[in-house]
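Every value quoted in this text rests on a predicted model; they were computed, and no experiment measured them. No hydrogens, no waters, no symmetry mates; every other heavy atom, side chains included, goes into these values.
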Amino acid sequence: TLGAAEQAERQRQEVAGELAKARSTAQLESAKASTRRKTLEALDAALTASEAELAALADADTRRVELEAEAARLAQRETALNELARSLTECQHRNTAARTAQEAYRQAAGRQTEAHSTRDTLERAFLDAQAGLLAQTLEEGAACPVCGSTHHPAKAQLPCTAPTQVQVDAAKQEAETADALAQNASAAAQSANAAAEEARRSLRRDAEDLLPERFTAPDGPVQLTFKGMSAVLTEETAALHTAQAECTAALRRAATDCTRRATLEADRQTLSLIHI
């Protein structure tokens, strides 16, 4: 009948609608599953890449600690090189002071010699003059008031310009002053020489301690000169600055790697939670 046919049509339509709805739901779930699968695949790839990068950065913290220690060592070497440079400068100053003191002594010794010569010349001239003056009063047959002789075959002659006792005494005083100045100059030179020698020994010790490869050899110590020492310090300082620049750059890279490593570890935890 018509009523039964309509009822059957309605049932068919209901079934068809349910089938369509189920088909649509199934398609939606399939799409969701596909999306989730792709997401999981992407997460797996991201985790794999993260793990690989983390493995490459595993020693970042260790490298940074080692580089910090190296930077500290280089800073200590820089301080030592600067101190050695100051010792070199001090040694040069001591050496110059010794040479100056030696020259001052040579001049004082020269003035001492001149003063002695002047004193001796004036004293001799004074004595000669005294002898000449005495000879003027001697008469043949009269007893000499000095030796008692009554015969005077070769009387001394009075010089044209005879020095006075005051001049002789002044020359003696000048000689004494020159002696004192020469003695003082000699003592000062001795002290300056000792200081210069001690500065050289100290510089030698410091140079051999800091740069044994430069100033020691199998057959004995290497000769140390101011010029050679200055050249070595220039070379060593340049090498040190290069090493410090390289260490600073490596430290900067290590710090960046450490920051990247921390970021990757945080991302890995997040990705792991999402993956679950």
Side-chain angles (χ1 to χ4, degrees), residues 56-113 178-259:
L57 298 175
D59 65 339
D61 289 331
T62 301
R63 281 190 292 110
R64 183 174 64 178
V65 171
E66 291 174 349
L67 286 168
E68 287 173 348
E70 176 66 7
R73 187 190 70 79
L74 290 174
Q76 290 177 346
R77 185 173 180 81
E78 181 177 31
T79 298
L81 282 173
N82 288 338
E83 187 62 33
L84 189 58
R86 282 191 289 271
S87 294
L88 174 60
T89 299
E90 176 65 17
C91 191
Q92 289 173 314
H93 288 166
R94 294 285 186 183
N95 190 67
T96 298
R99 290 181 179 276
T100 300
Q102 289 169 353
E103 179 59 29
Y105 167 70
R106 279 193 288 270
Q107 293 181 6
R111 288 191 292 269
Q112 181 187 34
T113 299
D179 287 342
L181 291 175
Q183 289 175 356
N184 291 339
S186 176
Q190 181 183 19
S191 177
N193 288 337
E197 181 59 29
E198 176 56 32
R200 283 192 291 271
R201 285 195 297 266
S202 177
L203 179 64
R204 176 96 225 178
R205 287 193 302 269
D206 293 344
E208 290 181 352
D209 288 344
L210 184 61
L211 305 169
E213 71 284 0
R214 291 279 198 166
F215 295 106
T216 57
D219 56 347
V222 176
Q223 183 181 9
L224 188 152
T225 64
F226 290 146
K227 183 177 180 180
M229 185 71 188
S230 180
V232 167
L233 279 173
T234 298
E235 293 172 5
E236 290 291 335
T237 300
L240 172 69
H241 290 165
T242 298
Q244 285 178 316
E246 292 174 351
C247 184
T248 298
L251 258 176
R252 191 178 297 113
R253 291 193 298 270
T256 299
D257 288 346
C258 287
T259 300

Inter-residue atom distance S87.OG - D206.CG, 0.5 Å rounding = 5.0 Å

CG of L84 to CD of E236: how many Å apart, nearest 0.5 Å?
-> 9.5 Å

Please name the pair of heavy atoms, one in E70 and one in C247, separated by the smallest distance, quoted to 0.1 Å.
-> CG-SG, 4.0 Å

E66 bridged to R63 by N-O distance under 4.0 Å = no

R201 atom CZ, over 12 foreign heavy atoms within 6.0 Å = yes

side-chain contact (heavy atoms from CB on, under 4.5 Å) between L224 and R200: does it pass, once the steps are laid out?
-> CA-CA 9 Å; L224 188 152; R200 283 192 291 271; over 6 Å; no

Do the side chain of S230 and the main chain of F226 share a donor and acceptor less than 3.5 angstrom apart?
-> no

Closest non-hydrogen contact found for T225 with G228 is OG1-N, 2.9 Å

Minimum-distance pair of heavy atoms, taken over all atoms of A98 and A196 | CB-CB, 4.0 Å

Pairs satisfying side-chain hydrogen bond (donor to acceptor under 3.5 Å, both in side chains), at least one member in residues 185-196, at least two apart | Q102-N193

Salt bridge or not for E90 and R94, using N-O below 4.0 Å?
-> yes

In terms of heavy-atom contacts, does CD of E213 have more than 12 from other residues, nucleotides or ligands at under 6.0 Å?
-> yes

Supply the atom-to-atom distance L67 CG to T248 OG1, rounded to the nearest 0.5 angstrom.
-> 9.5 Å

Give, for atom OG1 of T100 and atom NE2 of H93, the distance between the pair rounded to the nearest 0.5 Å.
-> 11.0 Å

Inter-residue atom distance Q244.CD - R77.CZ, 0.5 Å rounding = 10.5 Å

Please step through salt bridge (Lys or Arg N to Asp or Glu O under 4.0 Å) for the pair R204 and E208, ending with a clear verdict.
-> CA-CA 6 Å; R204 176 96 225 178; E208 290 181 352; 2.8 Å; yes

May I ask you to decide whether E235 forms a salt bridge with R214, counting only side-chain N to carboxylate O separations under 4.0 Å?
-> yes

Can you check whether Q112 reaches L181 side chain to side chain, under 4.5 Å on heavy atoms?
-> no

Nearest heavy-atom approach of A185 to A108 is CB-CB, 3.9 Å

Any chance you could measure L74, atom CG, to T79, atom OG1, to the nearest 0.5 Å?
-> 11.0 Å

